[in-house]
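To keep things clear, I will list the structure first and then write my remarks on it.
Fair warning: this is a prediction, and the values are worked out from it, not measured in the lab. Position 1 is the first residue of the sequence, and the numbers go up from there.
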Amino acid sequence: MEFLTGNSGASWQPVMTANTTTSNYWLNWRVLLCSIWILISSAFASFLIWKGFRNSQHENRESQNDNAGALYEDEVWKPCLKEIHPAWLLTFRVFAFLVLLVLLIINAIVDGGSIFYYYTQWTFTLITIYFGLGSLLSMYGCYQYHNKVGGESVDNVGLDAEQGTDSIVPAHGENFNMSNTAKASHSHDEQLARKAAGIWAYVFQIIFQMNAGAVMLTDCVFWFIIVPFLTIKDYNLNFLIINMHTINAVFLFGDAFLNRLRFPWFRIAYFFLWTIVYVVFQWIVHAIVSLWWPYPFLDLSSPFSPLWYSSVALMHIPCYGVFALIMKLKHFLLAKWFPESHQV
């Protein structure tokens, strides 16, 4: 197991800085300021959710056009290009789920249940759930796709047999106009026939956007803050640690490039709430039991803790924003390179 865990003599272990169960640890100006940051973030997230939900309801009543918060059932299992069969997205999601699940189990066996004190493992578990749920939704989608394609093939054959040789052959210009009209009509009918997403599809989309921000935040903090610190202290990084902060982003970006999920900005609120739940969980645990903090910047005994908390909160915006820009760039390029095949 040394390949996985590294040299235990040079591996990083959190250090206890103070007794976290005493009243003096919690009743001070540092905790007050950090609590204010958490309350502000919670209020901001709640406002975004409320506003996004209200706007979605208003736009649905006022018009028939899609809005940022809308979601169709087929968007969770159809790829972004028509030429890509849904089975390819299914295969990718099943493979990613199995790899992530195996890594998570190995990590839990090697390092014990204490790994779930870390935000990394919370996010890694969340992305594993994402691919597990995505695999189930893709299986259901492939079943629907198979039935739809099979049904259309039978209908087309029956229609051709009924028409036989008595159909009128239009002129070239008429044929072109009829073709365009048929395409427009088919596109309009297909839009009207699409089924609105159910609860699990919305849960899946929300988890996708939570992962988008959380993976970016986790990997950026690890590679740009924690790794330099560990390098200075001459600690080793083992195989599991490197994998947990690399393969999650690889699989998530792979799914993002393949899927056709929307990426509304207001759902950054769920990303904020995800981190807030983690921080509150840590506070409750440390108030009950005197433990080491999984990340030094969470330690409330430091005079710089309010600065750390506010900085991490502000990091949520660029982490989510970068992923949102990548999604916009993907749709822009696909619409430019594959205008007939691109699906939004």
Using a 3.5 Å distance criterion without hydrogens, assess whether the side chain of [X] forms a donor-acceptor pair with backbone atoms of [Y].
X    : Y    : result
K78  : P86  : no
N211 : I207 : yes
S310 : L307 : yes
Q209 : Y270 : no
N107 : L103 : no
N243 : T246 : no

Hey, are the side chains of [X] and [Y] touching, using non-hydrogen atoms and a 4.5 Å cut-off?
X    : Y    : result
Y309 : L33  : no
F251 : D255 : no
H342 : K336 : no
M210 : T123 : no
I49  : F266 : no
T125 : F116 : yes

Check for me, please, whether [X] and [Y] land in the same ILVMFWY cluster - side-chain distances under 4.5 Å, paths through other members count.
X    : Y    : answer
L32  : I284 : yes
W337 : L81  : yes
I288 : L300 : yes
Y140 : L89  : no
L325 : L314 : no

Aromatic contact, F253 with F323 (centres under 6.0 Å):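 Yes, close enough.
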
Intermediate values then yes/no, side chain to side chain contact (heavy atoms under 4.5 Å, CB included), Q205 and E75: CA-CA 9 Å; Q205 185 193 36; E75 291 180 23; 5.6 Å; no

Residue pair Y118, Y295: steps toward the ring pair (Phe, Tyr, Trp, His ring centres under 6.0 Å) verdict: CA-CA 8 Å; Y118 292 92; Y295 301 101; 5.7 Å; yes

Mind listing the closest non-hydrogen atom pair of [X] and [Y] along with its distance?
X    : Y    : value
I268 : I317 : CD1-CA, 4.1 Å
M139 : V94  : CE-CG2, 4.2 Å
P294 : Q282 : CD-OE1, 3.6 Å
F97  : T128 : CD1-O, 3.3 Å
I84  : P79  : O-CG, 3.4 Å
L90  : C142 : CD2-SG, 3.9 Å

May I ask you to check whether over 12 heavy atoms, not counting those of [X], lie within 6.0 Å of atom [atom1]?
X    : atom1 : value
W308 : CH2   : no
W29  : CH2   : yes
W223 : CH2   : yes
Y117 : OH    : no
W37  : CH2   : no

Lys/Arg-Asp/Glu bridge criterion (N-O < 4.0 Å) met for D74, K195: no

Derivation and outcome, side chain to side chain contact (heavy atoms under 4.5 Å, CB included), residues V312 and L298: CA-CA 10 Å; V312 172; L298 288 178; over 6 Å; no

Nearest 0.5 Å, please: how far is [atom2] in [Y] from [atom1] in [X]?
X    : Y    : atom1 : atom2 : value
L126 : Q121 : CG    : CD    : 13.0 Å
I127 : I129 : CD1   : CD1   : 11.0 Å
L334 : F257 : CG    : CZ    : 9.5 Å
W26  : N28  : CH2   : CG    : 9.5 Å
L333 : K328 : CG    : NZ    : 13.0 Å
R260 : M327 : CZ    : CE    : 12.0 Å

Result of checking L100, V99, L98 against F131 for side chain to side chain contact (heavy atoms under 4.5 Å, CB included): L100

Evaluation steps, side chain to side chain contact (heavy atoms under 4.5 Å, CB included), between Y320 and L217: CA-CA 8 Å; Y320 191 88; L217 177 64; over 6 Å; no

With a 3.5 Å cut-off and no angle check, do the side chains of [X] and [Y] form a donor-acceptor pair?
X    : Y    : answer
T120 : H245 : yes
R30  : S305 : no
T218 : Y119 : no

Mind checking whether [X] and [Y] have parallel, tilted or perpendicular rings, split at 30° and 60°?
X    : Y    : answer
Y145 : W77  : perpendicular
H316 : F272 : parallel
W293 : H286 : parallel

Stepwise side chain to side chain contact (heavy atoms under 4.5 Å, CB included) check, L48 with W265: CA-CA 9 Å; L48 288 180; W265 251 99; over 6 Å; no

Matching residue for Y25 among D299, T20, N19 - test: side-chain hydrogen bond (donor to acceptor under 3.5 Å, both in side chains):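 Exactly one candidate clears the test, D299.
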
Given F271, W283, W122, the one that forms ring-ring contact (aromatic ring centres under 6.0 Å, His included) with Y278: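 When ring-ring contact (aromatic ring centres under 6.0 Å, His included) is applied between Y278 and each of F271, W283, W122, only W122 qualifies.
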
Residue pair R93, S135: steps toward the side chain to side chain donor-acceptor pair (under 3.5 Å) verdict: CA-CA 5 Å; R93 285 175 173 173; S135 298; over 6 Å; no

